[in-house]
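Note sheet for the following structure.
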Amino acid sequence: MDKIVIDGGRRLSGRVPIAGAKNAALPILIATLLAPGEHRLENVPQLVDVSSMLSLLGRIGCPSLVHDNLVRLDTSRVSFCEAPYDLVRKMRASVLALGPLLARCGEAHVSLPGGCAIGVRPIDQHLKGLERLGCQFELSGGYVHGRVDRLVGARVPLDIPSVTGTENVLMAAVLARGESVIENAAREPEIVDVVRFLRSLGAQIEGEGSATLRVQGVDSLSPSTEGYSILPDRIEAGTYLIAGAITGGDVVVERVKPEDLVPVLQVLRAAGCTLEVGDEHVRVTRDGPICPVDVTTRPHPGFPTDMQAQVMALLSLAPGQSVLTETIFENRFMHVPELSRLGADIRTEGNRAVVNGVEQLHGATVMATDLRASASLVLAGLAAEGRTEVLRLYHLDRGYEQLVEKLAALGAGVARVTDDLERLRSAPVSRVGEVG
Ligand code: EPU
């Protein structure tokens, strides 16, 4: 099992380029199905989730070529309208295939994603919304089977502003007959990016970034000849800003959209950091102590749930008490016991985590069950005294491009270690015998 080994206590400084946003790249990749032909996407982050989405597209019949952060995709033909269990189980975002497949083929068979480490995560809003556009669903064999003769525009009030739910309904609505109005739509910057991408294909959408998306359906869409560049990842940027803050360093995140980072910047300021905000960069420094802050996660433009674990690592070193309230997912405190292993003093009470700042964290071996929790352990390890080993890197590989390289370039004592002994142990017995 690979692990990240961190020798903590070094002050990070330097500039770090931020990659394209995972949560914009995933819906945009699958949205290419709506416009048959050759697509060119730039600034696509090199992540396991992106590879999984390209595998899903490959399975559907759409080959791709990847060169660094450029992806070329050919969606001219679709031969298979299914997102099978083996892919959905690896990546929940495969559920985003539902809207585009229904719009493209009139049918879709998508394995139910089930619960995950951060909560139950139902897809009722996706299905209710698509039903309003005329789709019919049947659940059997662990799959949701959807059919539609002709998508027809409608008013779609969502009970919850679900991010991928909004995206699924939107991707179907752009090819529906007539007007659709999605109410209580998610307002996250990634939704805005999906709208801009769809517009580059010829879709007619208004209201991105607000709670009401108004879509005039069109008969067909065509790939943009110029290509499309994915927006910068605000969560990756926020994570590196905290790396600077937690080590009392001086870190500049580059190629970002500072306006998408506002709620995170507010918390960093309240926590005692000094920020310099440019057009496409943010610099963080901290000279004084970290100050305690109460933080509540909310849908955008509130504080993002995807930054809650990382900010908790920071506040675990703030003298005094901070209270973090998680309102988006019901089980997103899986990092608390692991942060405690590093010496943090955190108590959970339902959806609140009460953090009593400690003077120092101490290195230990830790592992996490989701992506952002893993990131918080890396951050805590950077500030901890001694050596921290973070196991189960699978999650980090899903969401952070070149994490170890970027941290090392900022001066962190960090390395990825491939445990050959473990590899040998898990190899077939004959091979172990040969080597031994
Ligand atoms: N919900 C429902 N019914 C639905 C859909 C959602 O009850 O049909 C609930 C969820 O259970 C959750 C809340 O609504 O309690 C919000 O979930 P949402 O649907 O907005 O989340 P998502 O679309 O599944 C995306 C991101 C997540 C991010 C959340 C919230 C992608 C691929 N994933 O998930 O990203 O945490 O929005 O902002 O866009 C991550 O990157 O680490 C990550 C988990």
Side-chain angles (χ1 to χ4, degrees), residues 1-19 46-47 233 235-254 268 271-274 282-290 307 309-318 335 338-344 357-368 371-423:
M1 186 164 46
D2 285 9
K3 58 188 174 192
I4 289 182
V5 179
I6 303 165
D7 284 327
R10 297 197 197 170
R11 200 177 152 269
L12 299 200
S13 83
R15 312 173 85 83
V16 56
I18 297 304
Q46 296 182 51
L47 302 170
D233 195 315
I235 306 300
E236 190 198 18
T239 303
Y240 283 102
L241 288 173
I242 292 188
I246 202 169
T247 61
D250 181 351
V251 167
V252 182
V253 290
E254 294 183 320
L268 284 173
C273 300
T274 304
V282 178
R283 175 181 183 187
V284 67
T285 49
R286 179 177 64 79
D287 299 323
I290 304 170
M307 284 300 299
Q310 300 90 314
V311 93
M312 191 184 292
L314 177 69
L315 296 175
S316 72
L317 285 165
H335 41 285
E338 298 298 304
L339 287 172
S340 303
R341 288 171 54 75
L342 296 171
V358 294
E359 215 167 284
Q360 183 68 63
L361 295 171
H362 303 278
T365 300
V366 287
M367 68 162 102
L371 168 58
R372 310 304 172 185
S374 304
S376 87
L377 298 177
V378 170
L379 293 171
L382 292 171
E385 186 176 62
R387 179 162 287 194
T388 296
E389 295 192 347
V390 182
L391 310 183
R392 207 181 269 168
L393 300 190
Y394 166 73
H395 297 290
L396 287 167
D397 293 339
R398 283 187 41 224
Y400 288 91
E401 183 182 282
Q402 300 196 317
L403 175 71
V404 167
E405 292 79 357
K406 289 184 180 180
L407 287 173
L410 293 173
V414 60
R416 184 173 182 131
V417 176
T418 301
D419 194 335
D420 288 330
L421 194 59
E422 282 296 325
R423 195 165 279 178

Within 6.0 Å of CZ in R416, more than 12 heavy atoms from elsewhere: yes
Option passing side-chain contact (heavy atoms from CB on, under 4.5 Å) with L379 (candidates L314, L339, T239): T239
Partner of V16 under side-chain contact (heavy atoms from CB on, under 4.5 Å), chosen from L241, L407, V252, V251: V251
What pair of heavy atoms forms the shortest contact from [X] to [Y], and how long is it?
X	Y	value
S374	H395	OG-CB, 3.7 Å
R286	G272	CG-O, 3.9 Å
E236	I18	OE1-CG2, 3.3 Å
L393	V390	CD2-O, 3.4 Å
Q310	A375	CG-CB, 4.2 Å
A243	L382	CB-CD1, 4.0 Å

Answer yes or no: is there a side-chain heavy-atom contact under 4.5 Å between [X] and [Y]?
X	Y	result
V284	Y240	no
L403	I4	yes
V358	L317	yes

Main-chain N/O of [Y] paired with [X] side-chain donor or acceptor, under 3.5 Å:
X	Y	result
E401	Q46	yes
E338	M367	yes
T247	L12	yes

About how many Å separate [atom2] of [Y] and [atom1] of [X], when rounded to the nearest 0.5 Å?
X	Y	atom1	atom2	result
R15	L410	CZ	CG	11.0 Å
T365	L377	OG1	CG	11.5 Å
R283	E254	CZ	CD	11.5 Å
S376	L342	OG	CG	9.0 Å
D397	L47	CG	CG	9.0 Å
D2	T418	CG	OG1	4.0 Å

Candidate pair I242 and M307, rule side chain to side chain contact (heavy atoms under 4.5 Å, CB included), full reasoning: CA-CA 10 Å; I242 292 188; M307 284 300 299; 3.6 Å; yes
CA sep, side-chain torsions, deciding dist, call: T388, V366, side chain to side chain contact (heavy atoms under 4.5 Å, CB included): CA-CA 7 Å; T388 296; V366 287; 4.1 Å; yes
